[in-house]
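Worksheet for the structure shown next.
No hydrogens, no waters, no symmetry mates; every other heavy atom, side chains included, goes into these values. Lettering follows sequence order; numbering is per chain, from 1.
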Amino acid sequence: MSAQDCGRLNKNMKCQKCQKQATFHITDLTGDDLLALHLCPECAKSYLETGDSSEDAPVISDVMSKQLKPLEQTADDLRELDAKECPICGISFYEFRQGGRLGCPHDYVFFGEDLEPLLINVHGDNQHVGKQPKRGITDTESQTELIRLRRQMKEVVEQEDYEKASQIRDQIRQIEGEGPAGE
Amino acid sequence: MILDEMANRCGEWLKGCGPESDIVMSSRIRLARNLADYPFIRRCTDIDRANIESTVRERLTNKAELKDLTFIDVADLQTLDRQFLVERQLISREHANSDGARAVAIDQQERLSLMVNEEDHLRIQVMKSGLDLVGAWGQINDLDDRIESQLTYAFHPKLGYLTACPTNVGTGMRVSVLVHLPALVITQQIEKVFRSLQKINLVVRGLYGEGTQAMGDFYQVSNQITLGKSENDLIDQVGDVIPVVIDYERKARDFLINEKQNDLFEQVSRAYGTLQNAQQISSEETMFLLSRVRMGINLGLIGDLEIPEVNQLFIRTQPAHLQKLRDSELDTDERNVERANYLHSQLKLDGGAEASNN
Ligand SMILES: [Zn+2]
Ligand SMILES: [Zn+2]
């Protein structure tokens with residue numbers, strides 16, 4: 001995950017390599033992949049010189065879990081949050097926390113409140129003010145429904161419930177035929 | 001094959017022209033976009049990935065206005081060819097090394113690149129030589145509109161363009177400027193500059209060469225935040241600070257010229273000499289020495305070599321380029337010999353730089 005508003009939030013952060021005060025908050029792009037590092041000047045220098053990015057994955061989940069600390073009131077609350085699953089793509093909040101990547105566009109709605117502190121921490125804001133799609137904001141609900149139906153389709157095919165599968169296929173075709181994506 | 005033609009050309013970001021091109025190599029903007037009717041990559045099935053790829057390919061290549069884009073099936077490429085595209089900054093390392101259906105669409109001048117099935121369904125990128133963020137934004141904004149007329153993006157009225165990683169949500173935009181700062185490195189002021197950039201929410205990273213080694217004094221400055229600021233604000237955030245960085249670097253160069261002229265001249269001429277005469281040379285050392293030579297040219301210490309030629313040497317001495325130009329696979333030792341031979345042929349003492357125009 002990214003390092004975000006350094007000046008404001010990371011004053012007391014420790015260097016991830018040696019525990020001195022971290023003054024460098026590097027959001028590295030390893031192949032366009034974001035990786036946040038909080039380092040003291042010495043470690044930052046050697047990091048930038050050697051390009052040490054071997055610890056990407058642990059760092060991401062590490063920052064994620066620290067990130068969520070303020071939310072964590074009791075172990076039960078966290079367990080409950082972790083168990084929450086998106087009805088569209090099936091990703092759990094735990095899986096998101098581990099990998100740092102969401103499962104589908106609907107996650108921003110379904111986990112909306114849970115992501116809010118993270119967004120504020122990363123961006124210092126929670127409201128988009130930039131470009132919007134030219135054709136206007138289309139209702140993407142039917143598109144989201146397609147994600148769910150395709151997943152359901154895969155499940156029923158695996159269960160060899162071909163009657164159900166053909167019903168779902170008809171639903172998918174209907175949405176594909178009418179949706180903006182089918183223009 | 002298209003990649004072989006590319007090996008003999010110079011991509012946009014190495015052309016060495018455009019504003020402030022003695023210090024600014026290139027300006028780059030990328031947009032992260034996702035289709036509304038598919039899960040994000042990590043939840044995609046193999047079929048989803050294949051469908052995303054074919055949908056994007058069909059919708060975009062059918063359009064006359066996007067006909068200038070060539071689609072390359074990245075999954076189908078040899079490792080060497082993927083590495084070659086990484087060296088040219090047309091695909092990311094992650095895109096090269098991942099699995100499953102994925103592609104990249106590029107234009108003839110290598111100004112545009114459109115990665116399909118990277119971390120997001122689409123990663124659109126525009127590169128310009130020198131400092132030209134406004135020009136890059138004009139191009140990418142237009143390209144984004146054209147793509148959006150063919151595909152429905154995942155967009156949320158409050159959160160903007162939805163991305164797999166919440167750090168990219170909103171504009172989905174990363175603005176980057178690649179700067180060459182050898183004098184700040186030599187005068188040991190680079191860290192101070194980094195620190196001041198971090199304070200204003202900018203990210204600095206070294207540009208990597210082979211493996212994990214840093215590539216000679218090149219640093220990329222980019223924005224960190226993507227939500228809550230408009231695209232123009234983000235461009236200004238990066239664009240406003242670059243002239244300050246350029247000014248620092250020029251001051252450091254002036255200092256070296258005025259106060260350390262002998263040391264500087266020695267360093268530059270040794271670097272040039274080593275590149276001309278080495279029997280074998282690593283990628284790392286080559287980058288380091290080319291960086292010194294590049295600065296030497298900008299300071300008028302080397303007269304028989306031009307910036308575009310040095311830029312070209314930076315890329316052509318990279319492992320995959322070297323192998324493609326020689327048309328054979330070489331191990332590290334063989335590459336080090338081949339690299340020295342190549343440099344020797346391009347930097348012949350008597351013929352000067354003329355020999356390098358091919
Ligand atoms: Zn440290
Ligand atoms: Zn989901």
Hey, which of B:L159, B:L227, B:L162 has the most heavy atom pairs under 4.5 Å with chain A?
B:L227

Suppose a student defines contact as a heavy atom less than 4.5 Å from any heavy atom of chain B. Which residues in residues 83-92 of chain A would they list?
A:C89, A:G90, A:I91

Aromatic A:F96 / basic B:R42 pairing, under 6.0 angstrom, 45° off normal
no

Under the salt bridge (Lys or Arg N to Asp or Glu O under 4.0 Å) rule, what do A:R150 and B:D37 come out as? Steps first, then yes or no, please.
CA-CA 10 Å; A:R150 290 198 193 102; B:D37 57 342; 3.7 Å; yes

Specify the closest pair of heavy atoms between A:G100 and B:C165, including all atoms of both residues, with the distance to one decimal.
O-SG, 3.8 Å

Between B:Y38 and A:P105, is there a side-chain heavy-atom distance shorter than 4.5 Å?
no

If I measure from the heavy atoms of chain A, does B:D145 come under 4.5 Å with its side chain, its backbone, both, or neither?
both

Taking everything shown except B:D46 itself, do over 12 heavy atoms lie less than 6.0 Å from its CG?
no

Is it the case that more than 12 heavy atoms not belonging to B:I200 sit under 6.0 Å from its CD1 atom?
yes

Less than 4.5 Å to any heavy atom of chain A: does that hold for the side chain of B:K158, its backbone, both, or neither?
both

Using a strict 4.0 Å threshold on nitrogen-to-oxygen distance, state whether A:K134 and B:E148 make a salt bridge.
no

Between A:R148 and chain B, which part of the residue has a heavy atom less than 4.5 Å away: side chain, backbone, both or neither?
neither

Honestly, the part of A:E95 sitting under 4.5 Å from a heavy atom of chain B is both

Between B:D48 and chain A, which part of the residue has a heavy atom less than 4.5 Å away: side chain, backbone, both or neither?
side chain

Just wondering, are more than 12 heavy atoms of other shown residues or ligands nearer than 6.0 Å to CD in A:E155?
yes

Contact check, side chains of B:P166 and A:L102, non-hydrogen atoms, under 4.5 Å
yes

If you apply the rule side-chain contact (heavy atoms from CB on, under 4.5 Å), what do you find for B:V169 with A:H123, and how did you get there?
CA-CA 9 Å; B:V169 77; A:H123 302 285; 4.0 Å; yes

Quick check for you: among A:N126, A:L119, A:L115, which has the greatest number of heavy-atom pairs under 4.5 Å with chain B?
A:N126

Would you mind checking which part of B:V86 comes under 4.5 Å of any heavy atom in chain A, side chain (CB onward), backbone (N, CA, C, O), both or neither?
neither

Let me know if B:T226 has heavy atoms under 4.5 Å from chain A in its side chain, its backbone, both or neither.
both

Heavy-atom count check: over 12 atoms from other residues, nucleotides or ligands less than 6.0 Å from A:E158 CD?
yes

Taking the side chain as everything from C-beta on, heavy atoms only, tell me whether A:Q132 gets closer than 4.5 Å to B:F155.
yes

Is any side-chain heavy atom of A:I147 less than 4.5 Å from a side-chain heavy atom of B:F40?
no

Note: vs chain B, highest number of non-hydrogen pairs under 4.5 angstrom among A:H106, A:E145, A:K131, A:Q127 is A:K131

